[in-house]
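So the structure is just underneath, and the comments pick up after that.
The chains referred to below are lettered A, B, ... by the order of the sequence lines, with proteins before strands, and numbering in each begins at 1.
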2 protein chains.
Amino acid sequence: MFNKTIGYALRAVIYLAVKRNHDGNISLSEIAGSLKVPIHYIGKILQSLAKNGLILSFKGPNGGFKASEKTLEATVFDIIVAIDGAAPFTVCSLGLSTCNNEQPCPIHFDVVRQREEIKGNLSKRTILQLAETYETASIYTLS
Amino acid sequence: MFNKTIGYALRAVIYLAVKRNHDGNISLSEIAGSLKVPIHYIGKILQSLAKNGLILSFKGPNGGFKASEKTLEATVFDIIVAIDGAAPFTVCSLGLSTCNNEQPCPIHFDVVRQREEIKGNLSKRTILQLAETYETASIYTLS
DNA sequence: AATATAAAAGACAAACATATCCTTTTTAAA
DNA sequence: TTTAAAAAGGATATGTTTGTCTTTTATATT
């Protein structure tokens, strides 16, 4: 599983994408309330997504967050990298700091191959597509 | 990446597999020293692998640990499950406790498919094969 | 300009994972 | 039967992640 922060981030951006045609902004309290997640915690996450340009944020009265074109076009992979960085996809799975193609750990090439597959899968679907999936049938849930 | 404990566990069982034809046991201090990992911490990990029947352990003078047939036939997947349980491969990637085939999160079916691939990959190679890989060329490293 | 609203930012706290230490138990060898 | 080696087990410490609270900054409205 992804970690908790990634899970919250993905749910939040999908939520914003679902509300993409709403006038005005979506407030932090609405997001936290709808997703049933701790408001301050999700606030930090949205803050860092905004810093990375993956969502829009506005201060002041009627402020809040909003999906942009970039949000809708972003993939699950993009969100993960924005939050955790690329390290999880590059460091040695056995924790060896010296491990690389020249001095590989015994599972190095397996791991490299598998990571390419995973990256491919995580990049296949955009946030907009996931929002649309959510909209197609009432069985889908975000909370 | 796997977590630190999994990394230590895999390196230790591969190390034991490399020493599979040694007479007698491999002591904890030898393992910790060779792999350059904290001795007490790796001790606990080996202890739990022994409890799960994945390696042999012997107390007393000349005691230590040893690879068994089960060790050599085990896969990376088996080691991970022995340490962390199956939860990482079954719980919702977005952290939703209700998520299942009937009430899926938007990425549920993607995740299920990808996990099958990952499980397949992690089950493809045995510890013995990884030890043999290590033995084939001096470029491979365990520490 | 003053006020109210809402996110940003930073400080703090709790929970969990990681790591170490110390004592006990087991057992082989002298 | 005594001794010493080595793992087992329990208790504790450290560090990192996760989560909360408070203050600051920005901005729309009056």
query: If you look at every strand shown and take non-hydrogen atoms under 4.0 Å, does A:Thr5 touch a base, only sugar-phosphate, or nothing?
result: sugar-phosphate
message: Quick one, B:Arg125 and B:Thr75 - any side-chain contact, counting heavy atoms below 4.5 Å?
response: no
field: Sidechain N-carboxylate O distance under 4.0 Å for A:Arg20, A:Glu135
entry: yes
message: Rounded to whole Å, how long is the line connecting atom CG of B:Asn25 with atom P of D:dA8?
response: 11 Å
- prompt: Quick one: B:Ile42 CD1 to C:dA17 C1', roughly how many Å, whole number?
  reply: 16 Å
query: For B:Leu56 and D:dA6, what is the distance between atoms CG and P respectively, to the nearest whole Å?
result: 17 Å
query: C:dA7 P sits how many Å from A:Leu16 CG, rounded?
result: 11 Å
statement: Rounded to whole Å, NE2 of A:His40 lies from P of C:dA8 at a distance of 13 Å
- prompt: Rounded to whole angstroms, how far apart are CZ on A:Phe65 and P on D:dT27?
  reply: 14 Å
- prompt: Stepwise, does the ring-ring contact (aromatic ring centres under 6.0 Å, His included) test hold for B:Phe89 with B:Phe77?
  reply: CA-CA 10 Å; B:Phe89 296 96; B:Phe77 182 74; 5.1 Å; yes
- prompt: D:dT20 P sits how many Å from A:Ile45 CD1, rounded?
  reply: 11 Å
message: Considering every strand and a 4.0 Å limit on heavy-atom distances, what is the contact class for A:Gly60: base, sugar-phosphate, or nothing?
response: base
- prompt: Is the distance from OP1 or OP2 of D:dT18 to the nearest side-chain N or O of A:Lys44 less than 4.0 Å?
  reply: no
task: Could you go through the salt bridge (charged side-chain N to carboxylate O under 4.0 Å, His left out) check for A:Glu116 and A:Lys119 one step at a time?
output: CA-CA 5 Å; A:Glu116 285 312 308; A:Lys119 272 196 235 179; 3.7 Å; yes
field: Position toward the 5' end of DNA chain D (nearest nucleotide), A:Tyr41 or A:Lys59
entry: A:Tyr41
query: Does a side-chain N or O from B:Asn62 land closer than 4.0 Å to OP1 or OP2 of C:dA29, or not?
result: yes
field: Listed nucleotide nearest any side-chain atom of A:Lys4, set C:dA8, D:dG19, C:dT20
entry: D:dG19
task: Give a yes or no on whether the backbone of B:Ser48 and the side-chain of B:Asn52 come within a donor-acceptor separation of less than 3.5 Å.
output: yes
message: In this structure, how many angstroms lie between the C1' atom of D:dA7 and the CD1 atom of B:Ile26, rounded?
response: 15 Å
- request: Output the single nucleotide from D:dA7, C:dA9, C:dT20 whose closest atom is nearest the side chain of A:Gln47.
  value: C:dA9
task: For A:Gly64, report the nucleic acid contact type (base, sugar-phosphate, nothing); a contact means any heavy atom under 4.0 Å.
output: sugar-phosphate
task: For A:Pro61 and for A:Ser57, locate the closest nucleotide of DNA chain C by heavy-atom distance; then report the residue assigned to the nucleotide nearer the 5' terminus.
output: A:Pro61
